[in-house]
Amino acid sequence: MKKKALSLLLASTMVVSLTACGGGSGDSANTSSDNSTTTDTSSNSSSGTTDTSASNTDASTDNSGDAAASGEKADYHEVLKDGLTVVVNGTLTASVDNGQADFEKQWEEAVGIDLTIQQLDHSGYTDAVGRLFASQDYPDAMIMSAEMFKQYAPTGLLWDMADAYANAEFQNRITIPAINENMKDAEGHLYAFAPAYGNGCVTYVKKAWLDAVNINIDDVKTYEDYYNMLKAFHDGDPDGNGVDGDTYGVVAAGFIGTEAPWINYLPEFWQGAFPAIYQKEDGTWVDGFQEDATKEALLRMQQAYKDGAIDPETLTASTKIAREKWFSNDQKGSSGVFTYWAGTWYRTLTDNLIKNEVNEELVQLPPIKEITDTLGGYLNREAPVWVIIDQGDPVHNQAVFDALLDTMLDGDVVQTLWVYGAEDVHWSTKAEEFTTNPGTDKAQDYSYAEGEFHLKPSPNDPNTVWKKNYIDPALAISPLTNGFNDQDELAAAGNKFFTENCVDAPATPVSETFTNESGTIHDAKMAVITAVVVDGGEVEPAMQTYVDTVGSIIDQCLTELNSAQ
């Protein structure tokens with residue numbers, strides 16, 4: 001990767017702040033809503049990250065001046081003759097053990113340059129990127145969540161791709177232009193690109209557990225109904241092992257998220273609370289964590305934690321730990337409810353229940369009354385994005401855009417790689433037959449004729465059919481034009497359910513102080529949650545500690561945000 005001196009003091013201050021944020025999951029730093037495989041996709045890239053260029057100050061500009069001045073594009077094959085390096089999280093499902101080498105090879109053949117993929121740990125992506133940037137070892141481009149992007153956007157590290165985006169070849173195929181148009185700042189700068197819209201989480205419930213405690217999902221309409229369901233899952237024997245009280249109602253990857261929209265893993269408890277800095281309808285920015293709605297939510301979670309309605313491991317669980325506990329073969333200590341990403345994950349969770357020989361039937365819970373009355377529905381998060389690191393050479397930056405982002409939505413060969421993966425590895429048009437879970441009552445036969453597009457068994461799990469690679473076909477802002485389409489029935493139903501029951505999440509703040517201090521603010525929130533929810537303490541003293549710890553920081557953030565209006 002490229003070595004580049006930080007051009008702003010703000011940038012170095014920020015990366016230290018981010019790496020100091022303890023245990024940040026970074027889980028929403030993905031596209032298509034954490035659609036990483038259920039196996040650990042946190043491996044490093046299949047090839048090393050050797051430094052293939054000199055520092056930014058040494059970057060060659062001999063062939064760039066005239067082209068940059070005239071606005072002409074240089075041939076990216078010439079500009080990127082040393083290759084392209086990208087940093088990704090687990091949302092690139094083609095991980096090292098899941099066909100990444102084939103994806104990389106076919107991308108290189110289609111685009112005509114070398115590609116190096118560095119896949120960082122998914123659950124700790126935010127912190128890992130912070131450490132990477134603190135070392136000043138920069139890729140050409142990388143994936144960021146909406147919140148990460150807004151933190152890094154003011155630093156001067158990211159390239160303004162507004163002109164490149166406006167003149168991109170894919171412009172004549174985009175069907176949802178608002179996603180990227182809305183990311184431009186007041187001056188028209190565009191420092192990121194989203195190939196898909198954001199998506200969000202819905203609440204899944206195990207049907208077998210509902211049947212075991214004699215509850216109909218259609219009767220779960222209010223928080224009281226929801227809580228009674230959780231209590232029944234804890235107090236009874238929904239897993240059928242003959243023991244009451246050894247299961248929980250719900251498990252989540254944290255009581256509060258480290259990234260926007262923060263409340264998406266336990267929406268029924270947060271309801272109308274938004275425990276972060278957000279903008280009210282009148283345009284004023286406020287700290288929602290100090291509002292009465294948050295205090296009420298903390299008390300709801302306190303009671304649920306005490307009653308066993310919430311799995312206590314929720315305090316420290318990563319997304320991987322939470323979901324694997326939920327669909328584990330031994331359902332003792334598991335939970336009946338899990339709020340997680342919509343669409344593709346409906347199928348992924350189902351497949352993992354099947355693999356672990358657990359009853360796989362799930363139902364999706366419509367938003368309870370308290371959510372619809374306050375928020376309007378489940379939250380559709382701001383879209384994750386790709387960013388290009390500014391190398392100080394406009395022709396180099398343009399070449400990265402042309403090679404990586406413009407081809408990503410070519411409608412054909414390269415977009416198919418990003419949507420479905422490598423040909424004859426993740427998908428094929430050749431005649432073939434295969435069976436998943438052979439020899440079991442879950443066995444399913446597949447048969448395809450020559451020329452019929454279809455997905456193949458996953459490289460790292462032959463009993464699971466591949467679903468997608470990076471871009472969810474249901475969420476893409478520009479469709480494939482080659483006719484390839486194999487959307488799973490459950491995934492399609494999940495996407496439909498979510499879009500019918502969601503509203504856009506509040507925008508994340510853009511403030512220099514917030515950028516530098518977001519880790520400190522999160523740690524202060526966790527101290528309150530631990531004191532109140534886990535330790536059973538009173539809300540007001542804990543909240544006063546929060547104010548004493550970060551009150552002045554919050555005030556400075558709000559001053560910056562409100563003065564910018």
Side-chain angles (χ1 to χ4, degrees), residues 1-4 6 11-51 84-98 100 104 115-153 155 157-158 192 253-254 257-260 262 316-323 381 384-389 470 508 515-523 526:
M1 287 187 286
K2 315 298 187 292
K3 292 286 186 178
K4 177 177 183 289
L6 293 178
S12 55
T13 304
M14 182 199 64
V15 293
V16 172
S17 171
L18 285 173
T19 54
C21 177
S25 72
D27 184 61
S28 59
N30 58 57
T31 89
S32 303
S33 316
D34 189 21
N35 283 310
S36 55
T37 57
T38 54
T39 54
D40 189 357
T41 58
S42 62
S43 309
N44 289 329
S45 67
S46 56
S47 55
T49 56
T50 49
D51 189 358
L84 180 70
T85 299
V86 298
V87 166
V88 302
N89 55 19
T91 56
L92 183 73
T93 317
S95 57
V96 171
D97 67 343
N98 218 8
Q100 186 173 103
E104 186 175 312
L115 176 67
T116 297
I117 301 171
Q118 184 176 6
Q119 190 161 25
L120 303 180
D121 176 74
H122 189 79
S123 294
Y125 189 67
T126 300
D127 289 349
V129 170
R131 290 189 294 271
L132 184 72
F133 277 27
S135 71
Q136 300 182 25
D137 194 16
Y138 295 94
D140 292 294
M142 66 180 301
I143 293 171
M144 285 187 175
S145 69
E147 187 192 19
M148 284 179 67
F149 161 61
K150 289 186 178 182
Q151 290 176 348
Y152 283 102
T155 66
L157 290 169
L158 310 182
T258 58
E259 295 178 341
W262 290 286
T316 58
S318 66
T319 53
K320 184 175 185 292
I321 289 173
R323 66 183 181 239
R381 64 175 180 168
V385 297
W386 281 90
V387 300
I388 294 173
I389 306 303
Y470 168 70
T508 52
T515 294
N516 294 335
E517 302 291 348
S518 59
T520 301
I521 295 171
H522 176 76
D523 289 345
M526 285 304 302

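Shown here for F133 and L157, the closest heavy-atom pair between the two residues is CD2-CD1, 3.9 Å. Nearest approach of D97 to S95, heavy atoms of both residues: OD1-OG, 2.8 Å. Shown here for G90 and Q119, the closest heavy-atom pair between the two residues is CA-NE2, 3.7 Å. Closest heavy-atom contact between V87 and W386: O-CZ3, 4.5 Å. What you find for Y125 and I143 is that their closest heavy atoms are OH-O, 2.7 Å.
A donor-acceptor pair is defined here as one N or O able to donate and one able to accept, closer than 3.5 Å; such a pair exists between the side chain of Q100 and the backbone of A94. D140 places no side-chain N or O within 3.5 Å of a backbone atom of V86 that could act as its donor or acceptor partner.
Put simply, CD1 on I321 and OG1 on T316 are 6.5 Å apart, with the number rounded to the nearest 0.5 Å. With values rounded to the nearest 0.5 angstrom, F149 atom CZ is found 9.0 Å from T508 atom OG1. If you take CZ on R323 and OG on S318, they are separated by 7.5 Å, rounding to the nearest 0.5 Å. Between the CG atom in L158 and the CD1 atom in I388 there is a gap of 10.0 Å [rounded to 0.5 Å]. To the nearest 0.5 Å, atom OG1 of residue T126 and atom CE of residue M148 are 5.0 Å apart. Distance check: D523 CG to E517 CD gives 11.0 Å after rounding to the nearest 0.5 Å.
Counting heavy atoms from C-beta on, the side chains of S518 and Q151 come closer than 4.5 Å. Taking the side chain as every heavy atom from C-beta outward, V129 and Y152 approach each other to under 4.5 Å.
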